[in-house]
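A quick write-up on the structure given underneath.
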Protein chains: 2
Amino acid sequence: MATIRDVSKLANVSVATVSRVINQSGYVNEVTEKAVRQAMETLSYVPSDMARSLAGKKSATIALIVPDILNPFFPELARAVEDAAHQLGYTVILCNSDHDPEKERNYFGMLKNKRIDGIIVASYTIHPQQLLELQRQSIAAVVIDNHFPSHPILALQSKNREGAVMAVRHLLDRGCTTIAHISGPLEILPSRERLLGYELVMREHGMFAPSLIAEGDFHVEGGYRAMQELLKLHPDIDGVFAGNDLMAIGALKALYIAGKAVPQDVKLIGFDGIALATVVPELSTIAQPIAEMGKLATHYLMRQIRNEPVECKTHELDVRLLVRQSTTD
Amino acid sequence: MATIRDVSKLANVSVATVSRVINQSGYVNEVTEKAVRQAMETLSYVPSDMARSLAGKKSATIALIVPDILNPFFPELARAVEDAAHQLGYTVILCNSDHDPEKERNYFGMLKNKRIDGIIVASYTIHPQQLLELQRQSIAAVVIDNHFPSHPILALQSKNREGAVMAVRHLLDRGCTTIAHISGPLEILPSRERLLGYELVMREHGMFAPSLIAEGDFHVEGGYRAMQELLKLHPDIDGVFAGNDLMAIGALKALYIAGKAVPQDVKLIGFDGIALATVVPELSTIAQPIAEMGKLATHYLMRQIRNEPVECKTHELDVRLLVRQSTTD
DNA sequence: ATAGTATGTGTAACCGGTACCGTAACTATG
DNA sequence: CATAGTTACGGTACCGGTTACACATACTAT
C-alpha cells in the first residue's frame with residue numbers, strides 16, 4: 001500500500017506538495033500537479049483517512065444510536081441520516097442499544113475512543129449527563145424522539161401530544177363513542193405524551209375511563225395482547241388509537257380474530273406513518289416526518305460540529321393526519 | 001483531551017509503560033500500574049482508536065453495504081451483523097447503495113480510504129472485479145444474496161431455487177391449479193433462481209404458461225401492480241407465489257380489492273420470512289435464515305481478516321416453509 | 001529602483017499511539 | 001561465580017498524513 005512519501009519520491013516533490021494536490025489547498029503548479037497525479041495513479045495510491053483524521057483532528061464519522069433497527073421507524077430514520085451524512089462526506093456508524101443502558105454506555109465508550117465527530121441518539125434510557133459529558137469531550141450530540149428541557153441539549157421531536165389529539169378527534173369525527181388507547185411503554189416519553197393527548201380529548205368529551213387504556217410495547221405482539229384485553233373489558237369499543245403503527249397492526253389482528261370488522265365495527269388509527277403500514281385495510285395514522293427528522297438531525301449535528309451557532313433546545317416537528325381505510329367506511 | 005504523554009508525565013513513567021498498562025502487554029509493576037491508572041483516571045484519559053489504528057494497522061471497523069435499509073430484509077441482516085461485530089469488538093459502518101453502481105463505487109472509495117478491515121456487501125449490481133480489487137488491498141469481503149461461482153469470492157446465499165420449489169409444491173398440495181408467479185427484478189440473481197424453481201415445478205405438472213408470470217420490483221407497489229395485471233389475464237388464478245414478502249403484501253392488497261378472499265379463493269405465499277409479514281391474514285412464506293446469514297457473514301469475514309483459512313466459495317443456506325393463514329383454509 | 005504580493009516548493013514538527021530494542025536489577029542454575 | 005532468564009522500565013523510530021514556517025522566484029504597483 002503506497003504512502004504519500006512513495007508518491008512524493010516518484011514525482012520528485014515533497015510530501016507537502018502531494019498533500020496540497022490531494023487537498024487542493026495552497027499553490028501548486030499545473031505541471032507539478034500533473035506529475036503528482038500521475039504518480040498517484042501509477043502507485044494506485046489512496047490516502048489514509050486514519051492518518052488524515054489523526055493529523056487533522058476530525059474523523060468525518062458520526063454515529064447513530066437506535067434502540068433496535070428492526071423497528072421500522074428506525075430504518076427510515078437511519079436512511080435519512082445516512083443520506084444526509086453521505087452527502088456531506090460523513091460516514092455513519094450504526095449502533096443498536098436495545099434499550100439497555102449498559103450496552104449504551106459501552107457504545108459511548110467505543111465512540112469516544114474513535115473520536116467520532118458527533119452522535120445522533122434515539123434513546124429513552126439515556127441520561128442527560130451522558131450527553132453533556134460528550135459535549136465536554138467536544139463530541140456533538142443530537143437527541144431524537146426524546147428531550148431534556150432543563151439541559152442545553154439539542155433535541156428533535158414530533159408534536160406527539162398534538163398528534164394524539166388529532167388522532168382522537170378524527171375518531172370522534174368518524175362517530176366513535178368508545179375509544180380505547182393502546183399506549184407505548186410509559187417509561188418512554190413520547191408514549192406518555194401521546195397518552196396525555198388522548199386523555200385530554202377524552203376528558204373534554206366526558207368519555208375518559210382508565211380501563212380504556214392498555215399498555216403495549218410498541219411491537220405487533222404487544223398491540224395484539226393489549227387489544228385482546230381491551231376487548232374483554234369493553235366489547236363495545238368502536239375506536240382505537242394505537243400508540244404506534246406496529247401496535248396498530250397487532251390490534252388489527254386481534255380485532256380480525258375477534259370477528260370485528262375494521263373499519264365497519266371498529267375504527268383504528270396508529271401513529272408514526274411507517275411505510276409498511278400498507279396492510280389490508282390500510283392503516284390511518286398520524287405521520288411523523290421521520291425522514292425530515294433524520295435529515296434535520298444530521299444538519300443540526302453538522303452545525304454543532306462546525307461550531308456554527310445552533311439553539312441547543314428542543315425543536316418540535318409537525319405531524320400529519322393520514323386518513324386511510326382503517327377509519328373510512 | 002489528554003494524551004498518552006500527559007498520562008506518562010503525570011505518572012512519572014514513559015509512554016511505553018502507559019501503553020503496556022492500556023494493552024495489558026509486557027511487564028508492568030503493580031505499583032506502577034496503579035499509578036498509571038490513577039493518572040488516567042484524573043485526566044479522564046481515553047486512548048484514541050485513530051492513533052491506535054494508524055500505528056497498529058487495523059481499524060476494527062467493517063462496512064455493511066445494502067441496497068436500501070428500508071427494505072425490511074436488510075434491517076434484519078444489519079441487526080445480525082451489528083450484533084456479531086459488536087461482540088467481537090468491531091464497529092459497523094452502514095451504506096445504502098440504492099442499486100446504483102455509481103454510489104457503490106463512491107462508497108468503495110470511501111471505505112478504502114478508511115482502511116476498514118472488511119466489507120459485507122449485499123448488492124446485485126456489484127462486479128466481481130471490484131471485490132477482487134478489494135482483496136488486493138487486503139480488505140476482506142463477503143457477498144450476501146448473490147454469488148460469483150467462477151471467482152474466489154466468499155458468498156452466502158439461501159437455496160432460492162429449492163425454496164421456490166417448496167413454495168409451489170405447497171400451493172399444489174393445497175389444491176391450487178392455476179398458480180401465478182410474481183418475480184423480482186430479473187437482473188437480480190435470486191429473482192431468477194426463484195423464477196427457475198417455479199418454472200421447474202410448473203413444467204413438471206404441465207401447468208407452465210409464461211403469461212402466469214409477472215415481474216415486480218421487490219416492493220409492495222410492484223407486487224400490487226403485478227397482481228392486478230395477472231388477474232386481468234387470468235381471473236381464475238387460485239395460487240400465487242410472490243418472489244418476496246413485500247410483493248406478497250402488495251398482491252394481498254390487489255386481491256382484496258378485486259374481491260378475492262385469501263386463502264379461500266386464492267392462496268398466497270411469499271419469500272423471505274421478514275418479521276413484518278404478520279399482516280392479516282398472516283402470510284405463508286419461505287423463510288430465509290436472515291439473522292443466521294448476517295452472523296455467518298460476519299464470522300467468515302473475521303476469519304478472512306485474521307487470515308484464518310476459509311473456503312472462498314458460495315455457501316448455501318437452507319430455507320424453511322412457514323405455513324400460515326394465507327395458504328390455509 | 002524598491003517594496004509588496006502572488007506563486008511555488010521543501011523542511012520538519014506535529015497528531016497519539018505501538019513496538020522493537022536496550023538497559024538494569026534480581027533470581028535461578030550448574 | 002559466571003551465565004542465562006525474568007521482570008520492569010525508558011528511548012525512540014515508526015504509522016501516514018497535515019501544516020506552520022522558511023525560502024525562492026516572478027510579477028505589480030509606487
Side-chain angles (χ1 to χ4, degrees), chain A residues 1-37 39-40 43-61 89 109-110 112-117 137-139, chain B residues 1-37 39-40 43-61 89 109-110 112-117 137-139:
Chain A
M1 189 118 276
T3 76
I4 198 174
R5 283 167 234 270
D6 298 332
V7 176
S8 76
K9 257 171 228 159
L10 185 61
N12 272 315
V13 294
S14 72
V15 292
T17 304
V18 179
S19 179
R20 279 182 210 114
V21 171
I22 296 170
N23 299 296
Q24 319 224 55
S25 65
Y27 294 111
V28 179
N29 185 290
E30 263 189 63
V31 183
T32 317
E33 171 161 359
K34 221 152 246 161
V36 170
R37 292 212 181 277
M40 290 177 24
L43 293 173
S44 68
Y45 164 75
V46 184
S48 156
D49 267 352
M50 249 178 232
R52 214 186 246 185
S53 303
L54 183 57
K57 311 204 149 279
K58 49 180 36 60
S59 60
T61 302
M110 285 186 74
K112 277 184 210 163
N113 279 331
K114 284 210 178 285
R115 302 286 192 276
I116 58 161
D117 298 330
Q137 316 223 2
S138 70
I139 296 180
Chain B
M1 187 118 274
T3 75
I4 198 172
R5 282 166 237 271
D6 298 332
V7 176
S8 77
K9 256 170 228 158
L10 186 61
N12 272 315
V13 295
S14 72
V15 292
T17 304
V18 179
S19 179
R20 278 181 213 116
V21 171
I22 296 170
N23 300 295
Q24 318 223 52
S25 66
Y27 295 108
V28 179
N29 188 291
E30 262 188 64
V31 184
T32 316
E33 171 161 357
K34 223 153 245 159
V36 171
R37 292 210 181 278
M40 291 178 19
L43 293 173
S44 69
Y45 164 75
V46 185
S48 155
D49 267 353
M50 246 180 236
R52 211 187 271 207
S53 301
L54 183 57
K57 316 212 149 269
K58 48 178 39 60
S59 62
T61 302
M110 285 186 74
K112 276 183 210 164
N113 280 327
K114 284 211 177 284
R115 302 288 191 277
I116 59 162
D117 298 331
Q137 315 222 4
S138 71
I139 296 180

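Everything quoted here is computed from the prediction, not taken from an experiment. So that the names make sense, note that chain A is the first sequence line, chain B the second, and so on, each numbered from 1.
- Straight-line distance from the CG atom of D6(A) to the P atom of dG16(D): 8 Å, rounded to whole Å.
- The residue among L54(A) and E33(B) whose nearest nucleotide of DNA chain D lies closer to the 5′ end is E33(B).
- Non-hydrogen atoms lying under 4.0 Å from DNA chain C are contributed by V15(A), A16(A), T17(A), R20(A), Y27(A), V28(A), N29(A), T32(A), all within residues 15-32 of chain A.
- Reading DNA chain C from its 5' end, the first and the last nucleotide to sit under 4.0 Å from a heavy atom of chain B are dG16(C) to dA19(C).
- Within the 4.5 Å cutoff, the side chain of V18(A) has no heavy atoms near those of the R5(A) side chain.
- At a cut-off of 3.5 angstrom, counting only N and O atoms as typed in the model, there is a donor on one side and an acceptor on the other between the side-chain of R5(A) and the base of dG16(D).
- Nearest heavy-atom pair, A11(B) versus A39(B), reported as atom, atom and distance to 0.1 Å: CB-CB, 3.9 Å.
- Considering every non-hydrogen atom in both D6(A) and T3(A), the closest pair reads OD2-N, 2.9 Å.
- You'll find the side chain of Y45(B) stays beyond 4.5 Å of the side chain of L10(B), heavy atoms only.
- Residue M50(A) comes nearest to S59(B) through the heavy atom pair CE-CB, 3.5 Å, listed as atom of the first residue, atom of the second, then distance.
- The closest side-chain heavy-atom distance from V46(A) to R115(B) is below 4.5 Å.
- Put simply, the side chain of R52(B) does not reach to within 4.5 Å of the side chain of N113(A), judged on heavy atoms.
- The closest side-chain heavy-atom distance from V21(A) to V7(A) is not below 4.5 Å.
- As a whole-Å value, the separation of M40(A) CE from dG16(D) C1' is 14 Å.
- Among the atoms of the strands shown, only primed sugar atoms or phosphate atoms (P, OP1, OP2) are found under 4.0 Å from some heavy atom of V46(B).
- Closest approach of T61(A) and I116(A) over heavy atoms only: O-CB, 3.5 Å.
- For T3(A), no side-chain nitrogen or oxygen approaches OP1 or OP2 of dG16(D) to under 4.0 Å.
- The nearest whole Å value for the distance from the CE atom in M50(B) to the C1' atom in dT18(D) is 14 Å.
- At least one side-chain nitrogen or oxygen of K57(B) sits closer than 4.0 Å to the OP1 or OP2 atom of dG16(D).
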